[in-house]
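This report refers to the structure that appears directly beneath it.
The chain is numbered in sequence order, starting from 1. Whatever order the structure lists ligands and atoms in, that order sets their numbers, starting from 1.
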Amino acid sequence: MTAALSATIILQEWQVSLVTQRQAPINRGQAPMAGSAGASEAKSSYKSLDTPAQYVKGVGERFANVLTKLGIFNVRDLLFHFPRRYEDRTNFRRIARLEDGEWAAIKGKVVAVDSVPTRSRVTIIKVAIDDESGVASLVFFNQHYLKERFRKLYGKQIVAYGLAQSARWGIEISSVEWEEVREEAEPLSFGRIVPIYPLTEGVWQGTVRKIIKNALDLYASMLEDSLPERVISKHRLMGLREAVRNAHFPESEEAQKEAQRRLVFEELFTLQLALALRKQSQDLPGQGIQFAVPADYRRALHEALPFTLTPAQDRVIREIEADMAGSSCMNRLLQGDVGSGKTAVALAAILIAVKNGYQAALMAPTEILAEQHYLSLEDAAEKLGIKHDLLIGSLRAAKKREVYACAASGETQLLIGTHALIQESVEFKNLGLVVIDEQHRFGVLQRAALMQKGLNPDILVMTATPIPRTLTLTVYGDLDISVIDELPEGRKPVKTHWKHTGERQRVYESARKLIDEGRQVYVVCPLIEESEKLQARAATELAEHLQAEVFPDLRLGLLHGQVKTAEKDELMHKFRAGEIDVLVSTTVIEVGVDVPNASVMIIEDADRFGLAQLHQLRGRVGRGEHQSYCIMIGDAPTDEARKRLRTLAETNDGFIIAEEDLKLRGPGEFYGTRQSGMPALKIANIFRDIPILELARKEAFEIIEADPSLSRAENRFLQEELRRKLDGLQLATVS
Ligand code: ADP
Ligand code: MG
């Protein structure tokens with residue numbers, strides 16, 4: 001333990017004893033400062049950033065309790081309780097010059113106080129302020145107690161900030177913040193750029209400003225810069241103390257911006273250090289299989305596939321080759337929009353594993369998809385001589401035993417199935433590669449689950465949801481990522497339209513025209529989240545209605561989660577063969593289904609679906625040579641729903657859609673939760689601060705690369721900082 005660290009711990013212990021002592025003042029003998037005048041003096045002699053907030057001037061026991069609601073327990077928390085925004089109240093406006101709709105600060109005398117009854121039960125208090133250029137009324141709603149307060153201030157100077165509006169009898173100012181002018185005190189709320197803090201019940205801006213000012217005066221000088229000096233000077237960052245001061249009470253707008261940049265950098269830097277450490281702990285060299293990349297395998301692949309790989313597919317295959325040839329375990333995320341050709345890339349990886357004498361597993365989220373993979377890989381696998389097999393729940397017991405036996409003996413080289421493949425009792429002889437087709441599902445399989453089975457294969461996770469840069473730099477920041485960023489040539493973008501329910505008949509008529517031209521159509525029924533049974537019933541009813549009333553002469557099929565596997569197989573087979581014109585379905589067709597001749601996707605009650613889901617559904621069409629259409633039917637009752645449908649109609653770009661989705665739903669779902677293992681961010685915003693995020697990431701990863709245990713002298717503060725901030729989070733331990 002370093003001297004500084006042990007000193008901190010001793011200080012903390014002292015504080016604990018100080019607190020207890022205050023509650024039980026009799027126990028004098030244990031006072032850390034024997035012979036001193038008592039606890040209150042002792043506390044000021046032993047102040048540190050860990051001192052309970054209660055001891056900051058102006059706080060006290062009762063208010064300290066309220067502050068805990070804001071997550072403020074000690075001085076450090078208080079110093080890092082940053083404003084939500086700022087208001088520039090550097091200059092007072094003359095009342096006579098106030099303009100309608102302007103936010104402004106004024107200074108003047110209280111000349112009248114009135115309470116105005118209204119017909120609804122709202123009471124309005126109006127306070128007239130005179131600054132000699134004119135008179136304006138401050139307007140307060142339902143704050144009865146203010147009447148007395150202002151009466152007492154009659155004739156006194158106050159300052160006020162709010163929204164000026166012209167009313168019948170002159171200017172009124174609403175949303176008011178105000179305070180009495182006291183010449184002796186440093187004005188915290190006026191004549192400067194004023195911080196506006198996040199509050200909770202029982203806490204006022206003025207109070208928070210005051211106690212934070214007190215905390216700054218006494219404690220800011222104790223803040224230690226943990227960023228290495230090299231990083232500070234390279235990025236011309238403001239020092240920590242100056243930054244914290246300016247984040248609360250900026251000297252100027254520029255100073256505030258610089259302070260913010262510095263603090264955001266630091267926060268993101270810590271996050272990236274944690275990610276770098278976590279990545280490092282997974283990448284231990286010597287633990288993975290070192291596959292040899294066979295010289296001729298690419299030619300074999302080329303001959304087995306009915307198309308030429310796109311440059312993007314080529315590039316990501318090379319990235320995967322490098323991982324597989326390396327001595328650490330591959331842990332790669334492959335992202336590519338629907339239809340970008342991820343399966344062919346997976347096949348390349350599978351081929352490398354098999355050629356090296358290892359087995360591979362390909363896992364899909366549903367049985368339909370597993371079968372789909374099995375079918376679509378059949379041809380190529382045959383040509384490549386890969387012995388492949390399918391394991392799904394509906395197999396007969398005898399067949400299942402056979403599949404198990406072949407996997408255990410090593411005869412099966414590629415086993416395709418659902419996640420059950422690795423969760424259940426399947427044994428492999430020598431599993432070298434696991435490919436997981438997660439499609440749009442966020443979340444990455446824990447390597448731990450595999451390691452528990454004594455397996456340490458290379459892992460390739462495929463996802464069809466483009467993951468916004470924001471997340472690949474944070475939540476997924478410890479994974480290697482490959483992106484297929486172009487579609488195979490000749491694809492026509494899907495034309496997307498949003499129609500109101502009143503236009504439904506017209507939509508059906510247009511669909512019929514395309515069916516007459518030989519195309520096929522999907523109709524997705526409204527989303528019912530309550531139960532699969534209800535969902536199945538809705539699909540059945542829709543199919544019956546369409547068959548009876550709309551398309552009596554056409555061949556309809558019905559697919560939902562409760563259709564038996566054998567029936568499902570037959571249905572999909574028929575649809576693929578063109579023997580069904582209209583496939584009515586629930587969202588089970590959301591992922592993976594690939595029927596190029598199907599060129600129309602009709603989504604009923606589209607406003608109930610999420611953006612990502614709609615994009616996935618749309619991805620089922622546009623897979624062949626024909627122009628495809630996606631028609632979303634829905635009246636979109638909310639702004640958010642309208643925004644979703646409009647976004648989808650406007651763009652086919654999965655990245656834009658994913659970003660939009662994230663904004664609409666908020667990053668909280670992925671970020672800042674314990675689940676993601678990320679520390680919560682206080683000041684950085686992962687949408688706004690991407691450029692800083694990238695800089696911080698680069699620095700952090702370089703530091704961990706050069707000093708994996710942060711044991712060098714220049715990194716000692718970093719280590720302490722990390723320990724403190726990441727305490728309790730499931731991140732790699734710093735040792
Ligand atoms: P996804 O990334 O959605 O899983 P798939 O791998 O299912 O995409 O590929 C979608 C379709 O595109 C398939 O029919 C596949 O055969 C075809 N495909 C894949 N790569 C190419 C390519 N380079 N050129 C032409 N067609 C391709
Ligand atoms: Mg796929």
Show me which atoms of ligand 1 lie under 4.0 Å from any heavy atom of Ser340. 2 (O), 8 (O)

Please answer whether the main-chain N or O of Val595 pairs with a side-chain N or O of Arg576 as donor and acceptor at a distance below 3.5 Å. no

Mark yes or no: Arg697 above the aromatic ring of Phe701, with NZ or CZ under 6.0 Å from the six-membered ring centre and no more than 45 degrees from the axis. yes

Counting from 1 in the order shown, the ligand 1 atoms closer than 4.0 Å to a non-hydrogen atom of Thr310 are 23 (N)

Closest to atom 4 (O) of ligand 1 (heavy atoms only, candidates Asp337, Leu377, Thr343, Asp379) is Thr343

Below 4.0 angstrom from a heavy atom of Thr308, which ligand 1 atoms are there? Numbered from 1 as shown, please. 22 (C), 23 (N), 24 (N)

Could you tell me which residues satisfy salt bridge (charged side-chain N to carboxylate O under 4.0 Å, His left out) with Glu509, sequence neighbours excluded, listed by chain and number? none

Closest candidate by heavy atom, reference atom 27 (C) of ligand 1, pool Pro488, Gly339, Ala344: Pro488

With a 4.0 Å cut-off on N to O distance, would you call Arg315 and Glu486 a salt bridge? no

Per-atom filter on ligand 1: closer than 4.0 angstrom to a heavy atom of Gln313 are 19 (C), 20 (N), 22 (C), 23 (N)

Which bit of Leu309 gets closer than 4.0 Å to ligand 1, counting heavy atoms only: side chain, backbone, both or neither? backbone

Ligand 1 to Arg623, heavy atom cutoff 4.0 Å, flagged ligand atoms 3 (O), 10 (C)

Residues Glu660, Lys643: salt bridge by 4.0 Å N-O rule: yes

According to salt bridge (charged side-chain N to carboxylate O under 4.0 Å, His left out), who are the partners of Glu371, at least two apart in sequence or on a separate chain? none

